[in-house]
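Shown next, in structure tokens, is the structure this report addresses.
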Amino acid sequence: MILLAVIILLQIGDAWTTYKAISSGKGKEANPLMADIMLHYGFEGMYVVKLLGCLFFVFVYHHFGQLFLVPPIAYYVWIVFNNYRVIRGK
């Protein structure tokens with residue numbers, strides 16, 4: 001259950017740091033699909049995708065187990081870290 005909480009917190013962290021990086025003018029959305037969604041629906045579109053992602057990870061957790069959450073956790077740690085670096089200007 002802890003890894004499920006971690007991946008959900010990372011989804012929130014990704015949304016928050018993406019918002020901060022883009023709204024500060026220091027960053028842009030690197031994922032072309034998400035950039036297109038945000039072009040048409042703004043940050044609200046990103047939040048909907050993040051919510052759907054959280055629901056997907058709950059499904060994965062309940063049907064496959066917590067070990068299947070480890071690779072996306074590592075990936076989203078990297079994303080949030082990079083977003084944070086963009087916000088700080090490094």
Side-chain angles (χ1 to χ4, degrees):
M1 187 64 112
I2 290 174
L3 293 182
L4 180 58
V6 168
I7 193 71
I8 289 172
L9 288 173
L10 283 167
Q11 291 294 296
I12 294 167
D14 179 25
W16 183 78
T17 57
T18 298
Y19 171 79
K20 294 297 271 183
I22 292 172
S23 64
S24 72
K26 295 178 183 177
K28 65 181 184 77
E29 178 57 55
N31 178 335
L33 179 58
M34 185 63 81
D36 191 51
I37 290 169
M38 291 175 67
L39 178 65
H40 290 91
Y41 303 104
F43 288 111
E44 291 81 5
M46 176 183 68
Y47 301 142
V48 169
V49 170
K50 289 297 171 189
L51 176 60
L52 293 173
C54 288
L55 293 173
F56 172 75
F57 290 126
V58 169
F59 174 85
V60 168
Y61 173 78
H62 285 293
H63 287 84
F64 301 104
Q66 66 181 359
L67 289 180
F68 283 85
L69 297 177
V70 172
I73 285 172
Y75 177 69
Y76 279 102
V77 164
W78 179 78
I79 288 173
V80 171
F81 176 75
N82 277 334
N83 286 347
Y84 181 71
R85 287 181 59 212
V86 168
I87 293 166
R88 290 198 48 193
K90 303 212 175 195

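Residues Arg85 and Asn82 meet the side-chain proximity criterion, which asks for heavy atoms closer than 4.5 Å. The shortest side-chain heavy-atom distance between Met34 and Thr18 does not fall under the 4.5 Å cut-off.
With hydrophobic clusters built from ILVMFWY side chains whose heavy atoms lie under 4.5 angstrom apart, Val49 does not share a cluster with Tyr75. No continuous path of ILVMFWY side-chain contacts below 4.5 Å connects Val80 to Trp16, so the two sit in separate hydrophobic clusters. The hydrophobic clustering, which links ILVMFWY residues whose side-chain heavy atoms are closer than 4.5 Å, places Ile2 and Val77 together. Linking ILVMFWY side-chain heavy atoms closer than 4.5 Å, directly or via other members, places Val60 and Val58 in a single hydrophobic cluster.
Partners of Phe56 under the ring pair (Phe, Tyr, Trp, His ring centres under 6.0 Å) rule, at least two apart in sequence or in another chain, do not exist in this structure. Evaluation of the ring pair (Phe, Tyr, Trp, His ring centres under 6.0 Å) rule for Phe68 yields Phe64 as partners, not counting sequence neighbours. By the ring pair (Phe, Tyr, Trp, His ring centres under 6.0 Å) test, His40 is found to be paired with no residue, residues two or more places apart in sequence or in another chain being considered. Partners of Ile87 by side-chain contact (heavy atoms from CB on, under 4.5 Å), not counting sequence neighbours, listed by chain and number: Thr17, Lys20, Ala21. Tyr19 is linked by a ring pair (Phe, Tyr, Trp, His ring centres under 6.0 Å) to Phe43, counting only residues two or more places apart in sequence or in another chain.
The two atoms that bring Leu10 and Ile73 nearest to each other are CD1-O, 3.6 Å, heavy atoms only. Listed here is the closest heavy atom pair of Ile22 and Met38: CD1-CE, 3.6 Å. The heavy-atom pair separating Leu4 from Phe57 by the smallest distance is CD1-O, 3.7 Å. Closest heavy-atom contact between Glu29 and Ala35: CG-N, 3.5 Å. Between Ala15 and Met46, the shortest heavy-atom distance links the atoms O-CE, 3.4 Å.
Atom CG of Leu39 has more than 12 neighbouring heavy atoms from other residues, nucleotides or ligands inside a 6.0 Å radius. Heavy atoms from other residues, nucleotides or ligands lying under 6.0 Å from NZ of Lys26 number more than 12.
Hydrophobic side-chain contacts under 4.5 Å tie Tyr84 to no other Ile, Leu, Val, Met, Phe, Trp or Tyr residue.
Here CG of Leu3 is found 8.0 Å from OH of Tyr61. Values are rounded to the nearest 0.5 Å. In this structure, the separation between CG on Leu52 and OH on Tyr47 is 15.0 Å, given to the nearest 0.5 Å. How far CG of Leu51 is from CD1 of Ile12: 10.0 Å, rounded to the nearest 0.5 Å.
Residue Tyr76 is tested with Ile7, Leu9, Val6 for a side chain to side chain contact (heavy atoms under 4.5 Å, CB included); the sole match is Ile7.
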